Protein chains: 2
Amino acid sequence: MEDEYVHGYSEIESDRLVDQANTLANLLHNDTVYSAGSKVLEAGCGVGAQTLMLATNSPDAQIKSVDISEESVNRAKLLLKQHGVSNVEFEVADIFNLPFEAETFDHIFVCFVLEHLKDPVGALEGLRRVLKMGGSITVIEGDHGSCYFYPKTKEAVKAWECLVKCQTGLDCNPMIGREIYPLLKNSGFKNIEVSPKIVYVDSSNPELVEGFNKKTIIAMVEGVKDQAISSGMIDLETWEKGIKDLYKTTEPDGVFFYNFFKGIGIK
Amino acid sequence: MEDEYVHGYSEIESDRLVDQANTLANLLHNDTVYSAGSKVLEAGCGVGAQTLMLATNSPDAQIKSVDISEESVNRAKLLLKQHGVSNVEFEVADIFNLPFEAETFDHIFVCFVLEHLKDPVGALEGLRRVLKMGGSITVIEGDHGSCYFYPKTKEAVKAWECLVKCQTGLDCNPMIGREIYPLLKNSGFKNIEVSPKIVYVDSSNPELVEGFNKKTIIAMVEGVKDQAISSGMIDLETWEKGIKDLYKTTEPDGVFFYNFFKGIGIK
């Protein structure tokens, strides 16, 4: 029955997910608009989720999007083609060894990339090299240490911490958001401005409860279940209570808070 | 020498503290303005720090400010007199037993009060009684669970947690900010809107580093030193490293994040 329901409403569901993606995308991207003809480098485009927003917001900019994974680049190409977006060129390239001459780009955009790098300052220095003098870099990252919720139970916090530990174990830094200011400064950028981008959710906004608490945050936590339990981070009973308790944040009394950071620096 | 310096610059220092107070006050209060002639109850005015902002922002509203402590009310009266503010009447009164008839006030304002109460819903229900139909309540609280910083060390986190534990031990709820939505809802208010009020500080804003990180947050943590150590919450060595590490958030690479919540509900 559940399967039938899901398929029966698949179009509505799909619309809702797009709405949800738009809500977050607006929060993160709505103040990033590049002028006609400007050359923009997106470093670490992945499968193109942010590329689509970037290119749509700045339809007359010339965007070059690179990623180290050829498979990701191919998926990103397909995604943009499906959406009829044509102002992006893709290229497979390593962020630590960019195949561009110095001072090639007017602007650089890096979203959800630094968290995966062992040497984020090294990456930013390399990006600075290919940026024109006076050009801007925009960096967006989340910070899992910014997350809290109500009701809060020990088990819910433990389940959440499993996500943080699993991501840290993959050589990621899930708390890098708070570091954007020092990272940009230590890479030589000037006039740095960092702003938090807040996601506050209570039951007055059921769409966001569904899309952010359930489909984004709790889904992400649930994704590390096997790794968390098999590595002995948490026992099954605590895990199950933790997930159940996290779902309480989606009930009428529930509240959820998370924030991203967006930083802009000038060469 | 240090003493001489402090006195020599006392006027500048005083100006700076006022500027700092204004920065936070603007963040919390700038969207609270009551119209001429409207009757406003401030419940739990304490020594008048918020009363001053409230009365200054709404010079033609008729404000009644109450507190259970006669000493606090007297200090608040003096503070407002010193600032030449005359649109506030003070009264000693218990928030759980307000000496007002039902539906007396057009608006109610409650700032940094619920965190100190064992029964915040009971207090809000009592406030709702004296509010006119269609009138608004505004609630402002902090949330110590929202606090994080860079660099982050175990000892700095432990020192911060001592503050949280000491306040919790005093029957306070230092994490009540996130609960404003359910508290207002469970007290019968409608059309509730809660917004986070963010304090993000990095070294691009040295005034805020000084005024918020050092003079507000770290000073607050340092204030519980004796209690934290004598109760065995933390040992002296860990405490001292923790405080030293918290001061690292005030250096050029440092970052500090905290947020308040402001909620508005309608009867």
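Not measured: the values here are computed from a predicted model. In the text below, chain A, chain B and the rest are named by the order of the sequence lines, each starting its count at 1.
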Please check if the side chain of [X] supplies one atom and the backbone of [Y] the other of a donor-acceptor pair under 3.5 Å.
X      : Y      : value
B:T216 : B:G211 : yes
A:T168 : A:V164 : yes
B:S35  : B:S38  : no
A:S187 : A:L183 : yes

TODO: Look at A:S203, A:C147, A:S195 and state which one has the largest set of heavy-atom pairs under 4.5 Å with chain B.
DONE: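 So the answer, after comparing A:S203, A:C147, A:S195, is A:S203.
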
- [ ] Mind ranking A:Y150, A:Y181, A:Y200 by heavy-atom pairs under 4.5 Å with chain B and telling me who comes out on top?
- [x]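 Most heavy-atom pairs under 4.5 Å with chain B: A:Y181.
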
Task: Interface residues of residues 128-141 of chain A facing chain B - heavy atom cut-off under 4.5 Å - done: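 Checking residues 128-141 of chain A against chain B gives no residue, so none.
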
Task: Sorted by number, residues from residues 255-267 of chain A in contact with chain B (heavy atoms, under 4.5 Å) - done: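 Expected list: A:V255, A:F257, A:N259, A:F261.
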
Task: Check: B:H144 ring centre within less than 6.0 Å of A:Y148 ring centre - done: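 So the answer is no for these two rings.
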
Task: Pair A:K197 + A:D31: basic N to acidic O under 4.0 Å - done: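 A salt bridge links A:K197 with A:D31.
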
What is the distance from atom [atom1] of [X] to atom [atom2] of [Y], rounded to the nearest 0.5 Å?
X      : Y      : atom1 : atom2 : value
A:C111 : A:E42  : SG    : CD    : 7.5 Å
A:C172 : A:Q167 : SG    : CD    : 6.0 Å
A:I192 : B:D202 : CD1   : CG    : 8.0 Å

Task: side chain to side chain contact (heavy atoms under 4.5 Å, CB included) partner of A:F212, the single match among A:T250, A:V199, A:I218 - done: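 Checked A:T250, A:V199, A:I218 against A:F212; only one passes side chain to side chain contact (heavy atoms under 4.5 Å, CB included): A:V199.
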
Would you mind checking which part of [X] comes under 4.5 Å of any heavy atom in chain A, side chain (CB onward), backbone (N, CA, C, O), both or neither?
X      : result
B:P151 : neither
B:N205 : neither
B:D143 : side chain

Open item on the list: If you count heavy atoms of other groups shown closer than 6.0 angstrom to NZ of A:K241, is the number above 12?
Closed with: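 Counting other residues, nucleotides and ligands, NZ of A:K241 exceeds 12 neighbours.
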
Open item on the list: Taking CD in B:E193 as the centre, count heavy atoms belonging to other residues, nucleotides or ligands within less than 6.0 Å. Is the count above 12?
Closed with: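 12 or below, so no.
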
